Amino acid sequence: MEISDKEFFAPGHRACAGCGATIGVRLALKVLGENTVAISATGCLEVISTPYPETAWEIPWMHVAFENAAAVASGVEAALKSQGKTDTTVVVFGGDGGTADIGLQALSGAMERGHNLIYICYDNEAYMNTGIQRSGATPYGASTTTSPHGKESFGEDKPKKNMPMIMAAHGVPYVATASISYPEDFMKKVKKAAEVEGPAYIHLQQPCTTGWGYNPAKTIELGRLAVETGSWILYEIEEGEFKVTYRPIQRRAVNEYLNAQKRFKHLTDLEKERIQSHVDAICIELKI
Amino acid sequence: MVLKVMSANQAIAEAVRLANPNVIPVYPITPQTTISEYLAKFVADGDIKAEYIRVESEHSAISACLGASGTGVRVFTATSSQGLALMHEIIFAAAGLRAPIVMADANRALSAPLSIWNDQQDSISERDSGWMQIYAENGQEALDSILISYRVSEDKKVLLPSMVCIDGFILTHTVEPVDVPGKEDVDKFLPLYKPEHAYLDPKRPMSIGTFTDPNYYMEARHDMEVALEGAKEVIAKANTEFAEIFGRKYDFVEKYKSDDADIILVAMGSICSSIKDVVDELRDKGEKIGLVRVRVFRPFPTDEIYEAIKGASKIGVLDKNVSFSIGGVLHNEIKAKMDVDAYGFIVGLGGRDIKPEHIKEIIEKTKNPTKHSQWIGLNKEDL
Amino acid sequence: MVSVGAAVKEPGSTRKNKTGSWRTFKPILDKEKCIECENCIMFCPEGCINKDYDIDYDYCKGCGICEEECPVKAIKMERE
């Protein structure tokens with residue numbers, strides 16, 4: 001795979017040390033190259049990358065609001081098409097809140113209409129920009145500032161919304177999950193997403209040092225633990241064909257993943273077992 | 001000149017065909033819908049070469065407009081009432097990002113209670129956004145205003161979006177004879193849009209929609225104030241050139257028998273046609289009554305309105321909108337900016353008919369004022 | 001003076017902001033030990049390790065991901 005040595009996302013940005021989102025953006029842009037227009041939803045990435053009068057972006061970039069990134073991208077894609085600039089890639093970066101919650105309608109519309117664009121959801125599993133509030137993508141058991149654990153609560157009591165499958169239900173040509181800790185797998189998927197005609201959706205898990213509560217050096221290790229324990233599964237759906245793209249050699253205990261993060265620290269053994277059996281059920285079905 | 005009989009909605013679609021935007025994202029809403037339908041047909045028939053996006057909401061319609069405009073092309077959308085209210089957040093963003101979007105608004109009441117009928121509450125409620133606003137009196141003016149709006153919005157000195165407002169049903173669904181100009185004349189009046197300030201082009205990467213701290217935000221907003229004020233000069237020039245090419249002269253305000261008038265009514269939109277009839281009738285009886293129709297509402301033409309009304313002893317301002325507990329917006333703005341004896345009348349909300357006797361009642365109440373602001377045409381006496 | 005619409009026309013201009021000052025621990029890369037696996041290059045949130053494995057300390061925030069992900073322990077975090 002051709003990967004540019006060039007960086008299209010400059011340093012000097014204001015992301016936390018150990019930020020997972022910026023790793024994801026860097027890797028995606030290395031595949032997509034300079035003939036790309038990026039659209040961001042409001043969120044961490046947007047705020048840390050464009051503190052006026054500076055920008056970290058080396059490619060054209062636009063941000064309008066929180067919930068409308070996919071609609072803005074629809075307009076960009078249509079406008080480029082109207083000018084015959086069909087070789088320019090349009091990529092959207094939206095966080096999990098901007099994708100699974102407030103931006104879901106605009107995203108559904110853009111996917112259903114078949115715009116030729118790539119939507120990458122950088123999922124850190126809560127509203128991190130506003131200070132770790134629960135989103136539809138927050139996993140079961142996680143303590144956030146709006147789903148705190150307490151005497152009457154073990155934290156988030158609903159399972160994570162299954163965004164990639166919602167996207168797959170739109171019948172778009174390419175849907176994939178990915179993790180920043182598996183860059184080759186992720187970048188291969190970005191390349192496929194760029195090559196398909198029509199909309200592509202990549203749901204990228206990216207650990208967040210601030211929101212998940214771990215030492216910043218462990219960002220990649222946490223993403224790896226998510227995948228190696230079966231808590232986050234790497235797959236793709238190409239023209240309706242589902243395929244797991246990475247199988248851990250020996251699936252590790254979910255506790256290894258949970259215990260490494262402050263957001264799950266409060267869970268009792270019973271709750272952890274519940275999470276383990278939920279993960280087991282899915283992994284057994286997928287032969288992981 | 002060949003006149004064709006059409007509704008204001010069709011006239012607007014004809015104007016859009018002539019302006020030929022690259023991207024048209026639209027979402028249906030009564031009474032705007034037929035604009036979207038005419039445009040869809042133009043695209044289907046190849047009469048406009050444009051990307052027509054059937055978006056899933058008005059919020060996405062204006063968002064897609066903004067994205068498309070961000071690549072440096074001309075765009076168009078149309079909406080009404082709830083649709084405009086849904087757009088609200090992006091209406092402000094479009095002005096702040098200095099995108100010269102042109103949009104038609106079929107003026108309709110805002111819910112609740114739900115109403116599909118006309119008043120001007122929807123667009124008036126967006127008055128602080130930084131958009132220009134024109135209120136047309138008829139189909140011809142609606143068509144012409146779209147062309148003038150593109151010209152002004154896209155001017156380097158302005159770069160602010162425009163809203164052309166037409167009264168729902170009264171104009172949107174009423175057919176009148178309209179002169180549809182030729183493409184060559186339109187091309188003469190409306191040059192290609194070539195943005196320099198912001199556009200998405202991989203050959204010259206820039207970031208649009210950045211995050212400003214308190215060191216910059218206020219200047220960015222002040223620039224908008226300067227641009228909107230500066231738009232007055234650009235509008236005046238566009239009006240002059242429009243008249244030279246098309247023979248129809250527009251101004252910020254239209255003065256109708258107001259020069260020597262003792263009592264002047266001020267209003268916006270289609271109601272002005274009814275007022276003109278009443279003015280004619282009363283003039284025949286020797287009463288010195290006149291009308292000043294405010295055509296451009298933003299930028300607010302303080303000087304032009306003042307010049308037009310200052311000679312009257314009393315002024316009655318009709319508002320098809322209300323800012324609760326303070327009254328009609330046009331009335332309040334006139335009062336705020338001018339030392340005139342003006343009284344406000346809230347009329348025609350939610351499609352309430354405004355009959356000649358209501359206009360006469362307003363004239364009488366302007367002559368003998370008891371309150372600064374009152375509602376006219378209520379089923380029971382306004383208390 | 002703010003540009004029209006607050007657009008930024010200087011791509012990559014966050015480079016003016018030297019985030020190296022955020023750092024408490026500094027990664028020191030031993031090129032003798034390095035096997036050029038690219039892990040540190042790929043995983044750096046700042047993108048401040050170049051293909052010659054030089055770390056740009058103007059921007060390195062000292063997160064320590066490179067040390068953590070180096071398979072041969074060629075990178076050591078040292079207190080500044």
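First the proteins, then the strands, lettered A, B, ... as listed; each starts at 1. All figures in this text were calculated on a predicted structure; none of them were measured in a lab.
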J.: Considering only heavy-atom distances, could you tabulate the donor-acceptor pairs under 3.5 Å between chain C and chain B?
T.:
{"unit_1": "C:Ala6", "atom_1": "O", "unit_2": "B:Thr210", "atom_2": "OG1", "d": "2.6"}
{"unit_1": "C:Val8", "atom_1": "N", "unit_2": "B:Ser207", "atom_2": "O", "d": "2.8"}
{"unit_1": "C:Val8", "atom_1": "O", "unit_2": "B:Ser207", "atom_2": "N", "d": "2.8"}
{"unit_1": "C:Lys9", "atom_1": "NZ", "unit_2": "B:Glu196", "atom_2": "O", "d": "3.1"}
{"unit_1": "C:Lys9", "atom_1": "NZ", "unit_2": "B:His197", "atom_2": "O", "d": "2.9"}

J.: Between B:Ala198, B:Ala99, B:Pro205, which has the largest tally of heavy atom pairs under 4.5 Å with chain C?
T.: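 The option with the most such pairs is B:Pro205.
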J.: Counting only heavy atoms closer than 4.5 Å, note whether B:Leu97 contacts chain C via side chain, backbone, both or neither.
T.: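 For B:Leu97, the contact with chain C is made by backbone and side chain together.
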J.: Going by the salt bridge (charged side-chain N to carboxylate O under 4.0 Å, His left out) test, which pairs reach into residues 33-48 of chain C, not counting sequence neighbours?
T.: C:Glu46-C:Lys61
J.: Are there over 12 heavy-atom neighbours, none belonging to C:Ile35, within less than 6.0 Å of that residue's CD1?
T.: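 Check passes, neighbour count above 12.
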